[in-house]
Amino acid sequence: QVQLVESGGGLVQAGGSLRLACAASGRAFSNYAMGWFRQAPGKERQFVAAINWSGGTTYYTDSVKGRFTISRVNTKKTVYLQMNSLKPEDTAVYYCAARGGGSYYYTVEDYDYWGQGTQVTVSS
C-alpha cells in the first residue's frame, strides 16, 4: 500500500515555473514506477510524465517535452515534476500516481495508487 501527497501547485504567469512534489508513504518506494497526470475542467485525465524505479528512464507526452522534467529521490520517497515555460493550457489539477513494477507506464489504467491532486493555474 502506498499513500501519495502532492504539493507545490499554485498560480503562476505564463512563462513561469513551478516544481511539484509527490511524497510517498509506505515501504519499498523504489519498487514503484511513478507518473504525473493532469485533468482540466471538463476533460479526461491525461498522461504528463513517467519515471521508472531507478529514475534512469523517463517518458513525456509531446506537449511538455523540453519544458517539464520528472525526477525522483528514492531515499526521500519523493518524485518531482519541474515545470518551466508554463502556458495557460497547462492549467489543470495535477495528480501523482504509482504502481508496482520497474518500468514506466503512461495510461490511467496502469496505475494503482493516486494522490489527491494539486491545482496549477497559469495566467496569460
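In what follows, every heavy atom counts, from backbone to side chain, and hydrogens, waters and symmetry copies are set aside.
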Can you confirm if the aromatic rings of Tyr59 and Tyr105 lie within a centre distance of less than 6.0 Å? no

If you round to the nearest 0.5 Å, how far is CG of Leu4 from OH of Tyr32?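 Those atoms lie 9.5 Å apart.
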
How far does CD1 of Ile70 sit from OH of Tyr60, to the nearest 0.5 angstrom?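 OH of Tyr60 is found 6.5 Å from CD1 of Ile70.
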
My understanding is that only residues two or more places apart in sequence, or in another chain, count here; which of them pass side chain to side chain contact (heavy atoms under 4.5 Å, CB included) with [X]?
| X | answer |
| --- | --- |
| Ser30 | Asn74 |
| Ala40 | Lys43, Ala92 |
| Val108 | Phe37, Arg45, Trp114 |

After noting the C-alpha distance and the side-chain angles of Leu81 and Val48, does the key distance pass the side-chain contact (heavy atoms from CB on, under 4.5 Å) rule? CA-CA 10 Å; Leu81 186 68; Val48 176; 4.2 Å; yes

Inter- and intrachain pairs under ring pair (Phe, Tyr, Trp, His ring centres under 6.0 Å), touching residues 65-98, at least two apart: none

Kindly say whether [Y] contributes a backbone atom to a donor-acceptor pair with the side chain of [X] at under 3.5 angstrom?
| X | Y | value |
| --- | --- | --- |
| Thr121 | Leu11 | no |
| Tyr106 | Thr61 | no |
| Glu6 | Cys96 | yes |
| Arg99 | Gly35 | no |

The test is side-chain contact (heavy atoms from CB on, under 4.5 Å); show your working for Phe29 and Met34 and say whether it passes. CA-CA 9 Å; Phe29 175 73; Met34 303 296 295; 3.8 Å; yes

State which residues pass salt bridge (Lys or Arg N to Asp or Glu O under 4.0 Å) with Lys65; sequence neighbours excluded, sorted by chain then number. Asp62

For side-chain contact (heavy atoms from CB on, under 4.5 Å), just list the numbers for Thr91 and Gln119, CA-CA rounded to whole Å, side-chain angles, deciding distance to a tenth of an Å, and then say yes or no. CA-CA 8 Å; Thr91 295; Gln119 177 70 48; 4.1 Å; yes

Just list the side-chain donor-acceptor pairs under 3.5 Å for residues 16-25, sequence neighbours left out, or say none.
| residue | atom | partner | partner atom | Å |
| --- | --- | --- | --- | --- |
| Ser17 | OG | Asn84 | OD1 | 2.9 |
| Ser25 | OG | Gln3 | OE1 | 2.9 |

What are the two closest non-hydrogen atoms of Val120 and Met83, and how far apart are they? CG2-CE, 3.9 Å

Minimal heavy-atom distance between Ala33 and Ser103, with the atoms involved, is CB-O, 2.7 Å

Decide yes or no for Gln13 and Val122: does some side-chain heavy atom of the first lie under 4.5 Å from some side-chain heavy atom of the second? no

Would you mind listing every salt bridge (Lys or Arg N to Asp or Glu O under 4.0 Å) that reaches into residues 73-94, with sequence neighbours excluded? Arg38-Asp90, Arg67-Asp90

Can you list every salt bridge (Lys or Arg N to Asp or Glu O under 4.0 Å) pair that touches residues 109-124, not counting sequence neighbours? none

What residues, two or more places apart in sequence or in another chain, satisfy ring-ring contact (aromatic ring centres under 6.0 Å, His included) together with Tyr113?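 Tyr113 satisfies ring-ring contact (aromatic ring centres under 6.0 Å, His included) with no residue once adjacent residues are dropped.
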
Any disulfide (SG to SG under 2.5 Å) involving residues 34-68? Give me the pairs, sequence neighbours left out, ordered by first then second residue.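 Output for this query is empty, none listed.
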
According to disulfide (SG to SG under 2.5 Å), does anything in residues 37-76 pair up with another residue at least two apart or in another chain? List the pairs.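 Checked against disulfide (SG to SG under 2.5 Å) - neighbours excluded - no pair reaches residues 37-76.
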
With sequence neighbours excluded, residues passing side-chain hydrogen bond (donor to acceptor under 3.5 Å, both in side chains) with Thr69: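 Applying side-chain hydrogen bond (donor to acceptor under 3.5 Å, both in side chains) to Thr69 gives none.
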
Stepwise, does the side-chain contact (heavy atoms from CB on, under 4.5 Å) test hold for Ile51 with Tyr104? CA-CA 5 Å; Ile51 191 167; Tyr104 63 85; over 6 Å; no

